[in-house]
Every structure is written in structure tokens, then in C-alpha cells.
Amino acid sequence: PQDNAQHMNNAGPSDELHDRPSKLARIQSSRPVTIYVKKSEERVYSALCLTKLTLDGLKEEVAAKYSIPKNMPVKLYKRTRKGLLIHMDTRMVDQFQDEDDFLVEVNFQNKEGIF
């Protein structure tokens, strides 16, 4: 019996925790994020709640906010502080933090109305 007790002490609960995936990591990856957007001519920002932190989720929310058909936002870009124009992807959207703010510019690319 004494050996059994010693074995239990060596294999304490901390060993079990290292073998399990973290619940916190799963919660953070599916968290809703609220961002603020406005066009340059607007005085007030509007809140967008992104329940899906994906590029498609962002496109859907922007389309809904600005009354654009869902399939029309084709590409989204982000201008960096250095002035570089970056084509956005899901990995970038996943990095959004609560209360990030963005200026939105809607451009029609051609006569079919593609943004």
C-alpha cells in the first residue's frame, strides 16, 4: 500500500493537465468580437459584432451594414500605418481585438458592381 501511495504522488494532477487540450484556447478561438467601422464621410462609428472571425464573416457583416448584396464584397484590404495596402485573409481577421476601429471605403471595380 505504501508504494501505491507514493506512485500517486508522483503522477499528480499536473501530469493530467498537460495531456489535455486547454479549454481557454478553444474559448478564445470562437469568441465574438465587436469592431467599429465608418466611412470617411460619416461622423459616427457603427459597431459590427463578428461571431465568425473569418474573412467571409467580415464580408457578410460589412455587406449587411452597408446594404450590399452578400456576394458583392469580393476583396477586402487593410491599409497599414506605413501606407501599405494588404489583401486581407482569415488569419488577419482572426487577430481582431474587441473595439478595433476601421475606416471603410467602398469601391465599385466595374459596371457589374463588384467591390
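All figures in this text were calculated on a predicted structure; none of them were measured in a lab.
For the side chain to side chain contact (heavy atoms under 4.5 Å, CB included) with Phe102, the qualifying choice from Tyr45, Phe96, Tyr36 is Phe96, the only one to do so.
Annotation for Asn71 and Val74: closest pair O-CG2, 4.3 Å, computed over non-hydrogen atoms. When every heavy atom of Pro69 is checked against every heavy atom of Ala63, the shortest pair comes out as O-CB, 4.1 Å. The two atoms that bring Glu61 and Leu50 nearest to each other are CG-CD2, 3.5 Å, heavy atoms only.
One distance of note links CG of Asp98 with CD1 of Ile35; it measures 10.5 Å at 0.5 Å rounding. Annotation: the span from Gln95 atom CD to Asp100 atom CG amounts to 10.5 Å, rounded to 0.5 Å.
Listed by chain and residue number, Lys52 satisfy the side-chain hydrogen bond (donor to acceptor under 3.5 Å, both in side chains) test with Glu60 (two or more places apart in sequence, or in another chain). In this structure Ser46 satisfies the side-chain hydrogen bond (donor to acceptor under 3.5 Å, both in side chains) test together with Lys65, sequence neighbours excluded.
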Name each donor-acceptor pair under 3.5 Å that joins a side chain in residues 81-92 to protein atoms two or more places apart or in another chain, with its distance.
unit_1 : atom_1 : unit_2 : atom_2 : d
Asp89  : OD1    : Arg91  : N      : 3.3
Asp89  : OD1    : Met92  : N      : 3.0
Thr90  : OG1    : Leu55  : N      : 3.2

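Enclosure of atom CD in Glu99 is not indicated, since only 12 or fewer non-hydrogen atoms of other residues, nucleotides or ligands lie within 6.0 angstrom.
With contacts defined as side-chain heavy-atom distances shorter than 4.5 Å, the pair Val37/Val62 does not qualify. Within the 4.5 Å cutoff, side-chain heavy atoms of Lys39 are placed close to those of Tyr66.
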Could you give me the CA-CA distance, side-chain angles and deciding distance for Asp94 and Thr54, then say whether side chain to side chain contact (heavy atoms under 4.5 Å, CB included) is met? CA-CA 6 Å; Asp94 189 51; Thr54 63; over 6 Å; no
Should Lys38 and Val104 be marked as a side chain to side chain contact (heavy atoms under 4.5 Å, CB included) after you check the CA-CA gap, both sets of side-chain angles, and the distance that decides it? CA-CA 6 Å; Lys38 77 176 187 103; Val104 174; over 6 Å; no
